[in-house]
Structures are given as C-alpha cells and as structure tokens.
Amino acid sequence: MTAALIGISSGLVIIFLFILLKQFDKKLIYGLILCGIGFLYVGFTWTNLPALIVNCIQAVVFMFLAYYGVKKSLYLLAGGYFLHGTWDLLYHLFQDPGLIPPQYDLFCLSIDFTIGFYILLLAGTKNKNL
C-alpha cells in the first residue's frame, strides 16, 4: 500500500511540476518519461539473458508508443502509460520477479496510471498541448 501511495504522490508531483514549468513541451516530456520507464527494466535485468531480451523488446515497444503518442495522439500516449502499468503488474507472470526491486510493481503501476489518467483527461479537453 505504501508503494502505491508513493507512486500516486510522485505522479502528482510530476504533473504539478510541469504545470508550473510552462515553457516545456509537456507532450514531449511525458513521451520521454514513458520511453525512459520502459528502459528501466533493461537495467534491472541485464544479468539474466532471457529476461534482458524480453525487456529490450518491451522497451522498444514503449519507445514507439511514446513517439507515436507525441506525434499522433494523446490517447496513444495515455494508452502507453496504462499498458506500462499493466506490464508492471503482470511482470511476475512472465519473468523472474526477483530481478525487480521489491514493491516496484505497485509503485510503477500507480505512477503510470496517475499520469495516464491525467493525459487522458487532457486529451478529452480542448487543451491538446497539455
């Protein structure tokens, strides 16, 4: 439960930080964050070749989701965050959960969904620039 609260809080801090920092292209920032969080798993799993291969593939998938989310549709970008949060939650079903820090799944799921809901909310408004 603590990991989820920290994740939600972190997501809100990120959102409010970039609301205050108006000079940044928020769509690009959220795309970069999505791309980066996909590659975190590569760093966690570099000691296990099968897990490394799977995580390199998922990182590239999230990189493309981030790119097309920034270029084409905020809905794709939000969907990338929801998909990544789901990946976090289900990771232990596909790979060795011992490779990932404890409670990382709940932390990352909650931060991903917090940012995903924010992007989805804004995608439905007239403010397409976040």
Side-chain angles (χ1 to χ4, degrees):
M1 185 64 160
T2 303
L5 290 174
I6 293 171
I8 292 168
S9 300
S10 298
L12 292 173
V13 166
I14 290 167
I15 290 166
F16 289 122
L17 177 67
F18 287 108
I19 287 173
L20 294 173
L21 299 172
K22 296 180 187 322
Q23 71 271 25
F24 290 98
D25 179 347
K26 285 149 190 69
K27 204 168 24 169
L28 181 59
I29 293 291
Y30 289 117
L32 290 169
I33 291 170
L34 178 60
C35 183
I37 60 178
F39 281 93
L40 283 175
Y41 279 88
V42 174
F44 292 148
T45 61
W46 65 272
T47 59
N48 181 311
L49 185 59
L52 179 63
I53 292 168
V54 168
N55 285 291
C56 285
I57 293 168
Q58 70 82 26
V60 170
V61 167
F62 286 110
M63 179 185 67
F64 281 116
L65 273 171
Y67 176 80
Y68 286 109
V70 168
K71 291 293 188 180
K72 303 286 184 191
S73 170
L74 288 176
Y75 292 108
L76 257 177
L77 189 57
Y81 275 93
F82 293 127
L83 187 60
H84 189 268
T86 304
W87 169 262
D88 295 320
L89 189 63
L90 300 177
Y91 184 82
H92 70 279
L93 298 176
F94 305 104
Q95 296 296 322
D96 178 7
L99 297 171
I100 307 301
Q103 302 298 310
Y104 185 76
D105 53 350
L106 293 176
F107 165 76
C108 203
L109 168 84
S110 59
I111 196 170
D112 290 346
F113 274 50
T114 300
I115 294 173
F117 279 122
Y118 173 71
I119 295 169
L120 195 59
L121 175 74
L122 290 177
T125 68
K126 293 183 189 248
N127 182 6
K128 299 293 185 193
N129 294 324
L130 298 176

To the nearest 0.5 Å, how far apart are CG in Leu17 and CG in Leu12? 12.0 Å
Minimum heavy-atom distance between Asp88 and Leu109, given as atom pair plus value: OD2-N, 3.7 Å
Do Trp87 and Asn55 pass the side-chain contact (heavy atoms from CB on, under 4.5 Å) test, and can you show the C-alpha distance, the side-chain angles, and the key distance before you say yes or no? CA-CA 11 Å; Trp87 169 262; Asn55 285 291; 3.5 Å; yes
4.5 Å side-chain heavy-atom contact, Leu120 and Phe113: no
Ile33 CD1 to Phe62 CZ distance, which is reported to the nearest 0.5 Å: 15.0 Å
How far apart are the closest heavy atoms of Gly38 and Ala59, and which atoms are they? O-CB, 3.6 Å
Under 4.5 Å between any side-chain heavy atoms of Ile6 and Leu106, yes or no? no
Atom pair CE/CG of Met63 and Leu32 - distance to nearest 0.5 Å: 12.0 Å
Membership question, hydrophobic clusters at under 4.5 Å side-chain separation (ILVMFWY): are Phe94 and Leu89 in the same one? no
When rounded to the nearest 0.5 angstrom, what is the spacing between CG in Leu52 and CD1 in Ile57? 10.0 Å
Can you tell if the side chain of Tyr67 reaches within under 4.5 Å of the side chain of Cys35, non-hydrogen atoms only? no
Just do the side-chain contact (heavy atoms from CB on, under 4.5 Å) check on Phe107 and Ser10 with the steps written out, would you? CA-CA 9 Å; Phe107 165 76; Ser10 298; 3.9 Å; yes
If you look at every heavy atom in Gly31 and Leu77, which pair is closest and at what distance? CA-CD1, 3.8 Å
Hey, quick one: are Phe39 and Phe64 part of the same hydrophobic cluster, counting side-chain heavy atoms closer than 4.5 Å, chains of contacts allowed? yes
Side-chain heavy atoms of Tyr41 within contact of Leu99, under 4.5 Å: no
Under 4.5 Å between side-chain heavy atoms, hopping through other hydrophobics if needed: is there a path connecting Phe24 to Ile37? yes
Heavy-atom closest pair (Pro97 atom, His92 atom, distance to 0.1 Å) is CB-CB, 3.8 Å
Please tell me if the side chains of Leu21 and Phe16 come closer than 4.5 Å, counting only heavy atoms from C-beta onward. no
So do Tyr68 and Ser73 actually touch side chain to side chain, heavy atoms under 4.5 Å? no
Check: Ile8 and Ile111 side chains under 4.5 Å, non-hydrogen atoms: no
Heavy-atom closest pair (Leu28 atom, Val70 atom, distance to 0.1 Å) is CA-CG2, 4.2 Å
Could you go through the side-chain contact (heavy atoms from CB on, under 4.5 Å) check for Leu34 and Tyr30 one step at a time? CA-CA 6 Å; Leu34 178 60; Tyr30 289 117; over 6 Å; no
When rounded to the nearest 0.5 Å, the distance separating CD1 of Ile115 from CD1 of Ile14 is 4.0 Å
Which value, rounded to the nearest 0.5 Å, describes the distance between Thr86 atom OG1 and Tyr81 atom OH? 14.5 Å
Indicate yes or no: at least one non-hydrogen side-chain atom of Trp46 is less than 4.5 angstrom from one of Val42. no
Answer with yes or no after comparing the ring centroid distance for Phe82 and Phe117 against a 6.0 Å cut-off, counting only values under it. yes
State yes or no: are the ring centers of Tyr91 and Tyr104 separated by less than 6.0 Å? no
Is the side chain of Lys27 donor-acceptor paired with the backbone N or O of Leu74 at a distance under 3.5 Å, no angle test? no
Ser110 and Gly7 have their tightest heavy-atom pair at OG-CA, 3.2 Å
